[in-house]
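Okay, structure first, notes after.
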Amino acid sequence: MAKTQTIAWVNHLLLFSLIALTLVFISYFTIHHNSASLAKYLTETTAAGVTFQQQYAASNVAGGNTCSGRYIYVHHLPARFNDDVFKSCRDNSLLKNPDMCPDLSNLGFGAQVNIKNPSGDLGLITEERSASSWYATNHFSLEVIFRHKMMKSYDCLTNDSSLASLIYVPFYPGFDIVRHLWGDYNTTVRDALGFELVSWLKNQPNWKTSGLWGRDHFFVSGRIAWDLRRPDDDDSHWGSKLMQLPEAMNMTMLSIETTSWSNELGIPYPTYFHPRRLKEVHRWQKRMTRQKRPYLFSFVGGPRANMTDSIRGELINQCLASRRNCKLLNCHSANCMSPIEVLKVFRNSVFCLQPAGDSYTRRSTFDSILAGCIPVFFHPFSAYTQYIWHLPRNYSSYSVYIPENLVREGRVSIRMQLLQVSKAEVVSMRQEVINLIPKVIYRDPRSKSKDFEDAFDIAVKGMLERVGKVRRQIKGKIQGLDLQNQVAGS
């Protein structure tokens, strides 16, 4: 009798265990595919003092969920913070730049380059029967490109912000401020949308999550950070004060050029090449490796006669004095907005001069990398302190540095300085530059292929690591305070 009861008890236990495992499987499947509908349950259910969210996250790791620790929540901003900005793009009286509108086509990449242009012998054709991957991309269009990349190609988006490791704010700060940089606009007008944004954000439930107060939020600017960091309310001073607002100082801004503030990080300017798959990149890299380069160095740009500290005039003079060794594309008389013209110069050059212009950085740096041309910098702020996620920390492995004061004082010959670089060093640096190409371009998000890590992927990975570190620091501080309170109460 006892034996029969024991067997029955064991059978009941096995049956209960089987049912329990089935329920767990169903719960996991349901949560994994419809987490938003179970948000309330996830936040309220607990087991032995551990939230169901924590159990779910642990099961994701164990079950091989590649999105664990990578979920991103995208704020559903009112249209006035992004899409409506483009409505004013059609009003020339607001934007002062009617040429910007066509630059926003094709997900922000701009118009496709005419690959059949007989003067554009660049070998730009990607594959037979495939669309061109080359576009006349505007150098200030990054915030639009980044948003499309996030929404169309990032595979770990969530509608439940409580599951997110990172929160993306699809605000267009660059296109907002550019409407008011030129003309008689006071600081109230220039700052208005920024004030509205932070007011909207701090009223969202996820702003205060885990005591972060927006430290898990980030946004992207297609213009330099200086345009968004006006120090005071003087109408005569440049830009907006968005990045001086307390709420914005908690967030991280990714931009094409940063200042020295720790909540700003630089990511590459968009170039002209937006391939859909890795084999297109490899094909281009092989072409640039085999490319013959008749010019020792080149410069694409114009002088800055109104800037007394600019070295551009001296570089142009040195280039003109070395016509056999230097190729000049003077933007005051040539079409420097043409991808074909710019890449034609860079791909025929060993070194490409990258002096500061209106600001320290230039899109030209990434155009030269795309063409396999070794960049020559004259100030560390032009690249070395900017793009820490995308460019090697060992800057001498891919570039040449000539202090700009030597040029300004007439104490260096660019030609003689570059001739001192050995052939072996040139080959090594050029290979490093060509290897960088996938890391500094933005892949077309319309492609289903994700067979290489592009500039967007690297930026997102960097942000996840950055916010993860902040979370750990805050958690450590909270645990430390709890321990102190326990000791004080004992």
Take Glu453 and Val460 through the side-chain contact (heavy atoms from CB on, under 4.5 Å) test and state the conclusion after the steps. CA-CA 11 Å; Glu453 194 173 58; Val460 169; over 6 Å; no
So, for Val440 and Ile369, which heavy atoms are closest and what is the spacing to 0.1 Å? CG2-CG2, 4.0 Å
Exactly one candidate in Asp233, Asp234, Asp235 meets side chain to side chain donor-acceptor pair (under 3.5 Å) with Thr187; the answer is Asp235
Within the side chain of Glu314, is there an N or O that forms a donor-acceptor pair under 3.5 Å with the backbone of Ile311? no
Take Trp134 and Ile340, measure what side-chain contact (heavy atoms from CB on, under 4.5 Å) needs, and give me the verdict at the end. CA-CA 10 Å; Trp134 295 84; Ile340 290 175; over 6 Å; no
Drop me the distance from Ile374's CD1 to Phe346's CZ, to the nearest 0.5 angstrom. 13.5 Å
Are Arg415 and Gln318 close enough that some pair of their side-chain heavy atoms sits under 4.5 Å apart? no
Ser255 and Glu264: side-chain donor and acceptor closer than 3.5 Å? no
Hey, are the side chains of Phe366 and Ile441 touching, using non-hydrogen atoms and a 4.5 Å cut-off? no
So that I can tick it off, tell me whether Lys450 and Asp457 are bridged by a salt bridge, with the cut-off set at under 4.0 angstrom between side-chain N and carboxylate O. no
So, Tyr168 versus Tyr73, ring centres under 6.0 angstrom or not? no
Flag if over 12 foreign heavy atoms under 6.0 Å of CZ, Arg324: no
Any idea how Tyr154 and Phe456 line up, ring-wise: parallel (<30°), tilted (30 to 60°), or perpendicular (>60°)? perpendicular
Any non-hydrogen side-chain atom of Ser382 less than 4.5 Å from a side-chain atom of Thr365? no
Heavy-atom donor-acceptor pair, Asn250 side chain to Gly214 backbone, under 3.5 Å: no
So which heavy atom on Pro445 is nearest to which on Phe109, and how close? CD-CZ, 3.8 Å
Short question: side chain of Arg347, backbone of Cys373 - any donor-acceptor pair under 3.5 Å? no
With rounding to the nearest 0.5 angstrom, report the CD1 to OG1 distance, Ile167 to Thr252. 12.0 Å
In sequence, state the C-alpha distance, the side-chain angles, and the governing distance for Ile177 and Arg223, and then conclude on side-chain contact (heavy atoms from CB on, under 4.5 Å). CA-CA 9 Å; Ile177 189 59; Arg223 294 191 67 87; 4.3 Å; yes
Answer yes or no: does atom CE of Met151 have more than 12 heavy-atom neighbours from other residues, nucleotides or ligands under 6.0 Å? no
Could you measure the distance from the CD1 atom of Ile256 to the OG atom of Ser221? Nearest 0.5 Å is fine. 6.5 Å
Would the Phe219 and Phe81 ring centres measure less than 6.0 Å apart? no
In the structure I gave you, are the side-chain heavy atoms of Asn325 and Leu419 within less than 4.5 Å of one another anywhere? no
Electrostatic pair Glu280-Arg283, nearest N-O below 4.0 angstrom: no
Shortest non-hydrogen contact from Ile267 to Ala459? CG2-CB, 3.8 Å
Would you find a donor on one side and an acceptor on the other, under 3.5 Å apart, between the side chain of Asn435 and the backbone of Gln431? yes
Got Met150 and Leu157 here, is their nearest side-chain heavy-atom distance under 4.5 Å? yes
Taking 4.0 angstrom as the limit, do Arg147 and Asp83 come out as a salt bridge? yes
How far apart are the closest heavy atoms of Gln244 and Trp261, and which atoms are they? OE1-CZ2, 4.3 Å
Geometric cation-pi criterion Arg363 and Tyr272, 6.0 Å radius, 45° cone: yes
Look at Asp367 together with Arg362 and state whether they make a salt bridge at an N to O cut-off of under 4.0 Å. no
Parallel under 30°, tilted from 30 to 60°, perpendicular over 60°: which one fits the rings of Phe381 and Tyr360? perpendicular
Any side-chain heavy-atom pair of Pro303 and Asn330 under 4.5 Å: yes
Check whether Ser413 reaches the backbone of Met416 with its side chain - one donor and one acceptor, N or O, closer than 3.5 Å. yes
Short question: side chain of Ser422, backbone of Glu425 - any donor-acceptor pair under 3.5 Å? yes
Side chains of Arg304 and Asp309: closer than 4.5 Å at any heavy-atom pair? no
Pick out which of Leu315, Val345, Ile316 makes a side-chain contact (heavy atoms from CB on, under 4.5 Å) with Leu328. Ile316
Under the criterion side-chain contact (heavy atoms from CB on, under 4.5 Å), I'd like the reasoning laid out for Ser133 against Phe273: C-alpha separation, chi angles, the key distance, then a yes or no. CA-CA 6 Å; Ser133 294; Phe273 189 32; 3.9 Å; yes
How long is the gap from OG on Ser338 to NZ on Lys344, to the nearest 0.5 Å? 8.0 Å
Check whether any side-chain N or O of Tyr442 sits under 3.5 Å from a backbone N or O of Pro268 as a donor-acceptor pair, and report yes or no. yes
What I want to check is whether the side chains of Ser359 and Glu257 have a donor and an acceptor closer together than 3.5 Å. yes
Between SG on residue Cys336 and CG on residue Leu329, distance to nearest 0.5 Å: 4.0 Å
Does Asp232 CG have over 12 foreign heavy atoms under 6.0 Å away? yes
Output yes when a side-chain donor or acceptor of Ser310 lies under 3.5 Å from a complementary backbone atom of Met307, and no otherwise. no
Met429 side chain reached by Tyr398 side chain, heavy atoms, under 4.5 Å: no
Can you name the one residue among Arg70, Lys448, Lys149 that meets salt bridge (charged side-chain N to carboxylate O under 4.0 Å, His left out) with Asp155? Arg70
Judged by atom type as modelled, is there a donor-acceptor pair below 3.5 Å linking the side chain of Asn206 to the main-chain atoms of Ser161? no
Smallest heavy-atom separation, Leu436 atom then Pro392 atom, equals CD2-CD, 3.8 Å
Roughly how far apart are His282 NE2 and Gln285 CD, rounded to 0.5 Å? 5.5 Å
Give a yes or no on whether Lys241 atom NZ has more than 12 heavy-atom contacts from other residues, nucleotides or ligands under 6.0 Å away. yes
Residue that, paired with His75, satisfies ring-ring contact (aromatic ring centres under 6.0 Å, His included) out of Phe171, Trp200, Phe218: Trp200
I'd like to know whether Asp191 forms a side-chain hydrogen bond (donor to acceptor under 3.5 Å, both in side chains) with Ser240, so could you lay out the CA-CA distance, the side-chain angles of the two residues, the decisive distance to 0.1 Å, and finally the verdict. CA-CA 5 Å; Asp191 297 340; Ser240 80; 4.6 Å; no
Expected output: side-chain Glu143 to main-chain Gly222 donor-acceptor under 3.5 Å: yes
So which heavy atom on Ser399 is nearest to which on Tyr384, and how close? OG-OH, 2.8 Å
